[in-house]
Amino acid sequence: MRRVVWRVVWLVLWLAAAAPAGAVEPDEMLADPALEARARALSREIRCLVCQNQSIDDSAADLARDLRIVLRERLVAGDGDDEVRQYLVARYGEFVLLRPRLRPATYALWFGPPVLLVLGGLAFYLALRRRAAAPAPELTEAERRRLADLLGEGSGEPP
Amino acid sequence: MWLGRRLLYLVPATLFTVLVAAYLIPALDPRRDPSRVASALIDKPAPEFALAPLIEGEAGLATADLAGRVSLINFFASWCGPCRIEHPLLMRLAGEHGVTIFGIDYKDPPEAARRWLAQDGNPFARIGVDPTGRTAIDFGVYGVPETYVIDRSGRIRHRHVGPLDAATVEEVILPMLDRLRQ
């Protein structure tokens, strides 16, 4: 049993160590491994406009392949990561980026949820404090006697 | 309870309703196709390109050809079904309406394109071949067919993704071409 468990652990570790395959074909890959790693990382952020929910790294579409090649050409030409992104955005618009950039147009997208969370949390906290601060209502004479009875301090007779 | 406090509780509910409406009303419009990406090049000059001719002996197609006239650029391929469907419309635009249509043959064996146009007719004033699709990428093309409206200064004024249909031609393309010709 322990041998089986170890085998499974070993297998899982090997699988975890395998890099994600993507749709990149050998003839596209760059000779320089550092550049190729940057290309893969960038490709994962670029939307394949044919399938639209996949990155060009994942997509098997023709356009995805063309864009992967263009991206690698820009890297070989010496462009930085941001310049490569800008090259594609200039042609296809912001939608080509899977991760929206931080711009005035996307402030609402990026800051909206945390701001709403803080506002909601504040409202919740204030509401809680208001409730805690409200004093307990005064008991009438009859209610005080009944309380004493129930607590067993009075004559002990049930009402 | 203070009336103001009551109203305050309406704020999140109202905000939610407004946001849902702002999303749903355009989203449920049947004319909208969310997979259509807007061109990033509207009102910008057409990208630089110089393409070899499809038909031997003719001139190819380059950016310089766009200046001084109002034209359409149509990206097409012989292997593209929707291109064949829109073809009669292009023939009418070129023939009856006298529109200058430039064709860019996208990733297509030239012989196949020549054979198709010989069979079904050639609406194009000039045709350039884009064998690698690189010029198409410079235009922001993500599928064929796509049609671009180019003004007299060589700027892109409109893009239509997918095959042209009669309604779009009547309601969008022809009026735009008229306006640009003024």
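Note on naming: letters A, B, ... go to the chains in the order of the sequence lines (proteins, then strands), and numbering restarts at 1 for each one. The figures that follow rest on heavy atoms only: side chains count, while hydrogens, waters and symmetry mates do not. Because the structure is a prediction, the values reported are computed rather than measured.
Summarising the geometry, atom CZ belonging to A/Arg91 is positioned 8.5 Å from atom CD1 belonging to B/Ile137; distances are rounded to the nearest 0.5 Å. Atom CG of A/Leu67 sits about 13.0 Å away from atom OH of B/Tyr142, to the nearest 0.5 Å.
There is no path of hydrophobic side-chain contacts, each under 4.5 Å, that joins B/Met176 to B/Tyr148. Under the 4.5 Å side-chain heavy-atom criterion for Ile, Leu, Val, Met, Phe, Trp and Tyr, B/Ile101 and B/Trp116 are members of the same hydrophobic cluster. Under a hydrophobic clustering in which Ile, Leu, Val, Met, Phe, Trp and Tyr are joined whenever their side-chain heavy atoms come within less than 4.5 Å, directly or via other members, A/Val24 and A/Leu88 fall into different clusters. Connection of B/Tyr106 to B/Leu61 is established within a shared hydrophobic cluster, with ILVMFWY side chains joined at heavy-atom distances below 4.5 Å, either directly or through further cluster members. No continuous path of ILVMFWY side-chain contacts below 4.5 Å connects B/Val144 to B/Leu117, so the two sit in separate hydrophobic clusters.
Most heavy-atom pairs under 4.5 Å with chain B, from the set A/Val70, A/Ile69, A/Val50: that is A/Val70.
Only the backbone of B/Thr132 comes within less than 4.5 Å of a heavy atom in chain A; its side chain stays farther off. Interface residue A/Val89: only backbone heavy atoms are found under 4.5 Å from chain B. At a 4.5 Å heavy-atom cutoff, the contact between A/Leu63 and chain B is made by side-chain atoms alone. Interface residue A/Arg130: only side-chain heavy atoms are found under 4.5 Å from chain B. Heavy-atom distances place both the backbone and the side chain of A/Tyr92 under 4.5 Å from chain B. Proximity to chain B (any heavy atom under 4.5 Å) is shown, for A/Ala61, by neither the backbone nor the side chain. Looking at B/Leu41, only its side chain comes within 4.5 Å of chain A, counting heavy atoms on both sides.
The two atoms that bring A/Ala90 and B/Ala40 nearest to each other are O-CB, 3.8 Å, heavy atoms only.
More than 12 heavy atoms of other shown residues, nucleotides or ligands fall within 6.0 angstrom of atom CZ in B/Arg181.
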(request) Could you check A/Asp66 against B/Lys107 for salt bridge (charged side-chain N to carboxylate O under 4.0 Å, His left out), going step by step and ending with a plain yes or no? (result) CA-CA 11 Å; A/Asp66 288 344; B/Lys107 300 180 87 173; 2.5 Å; yes
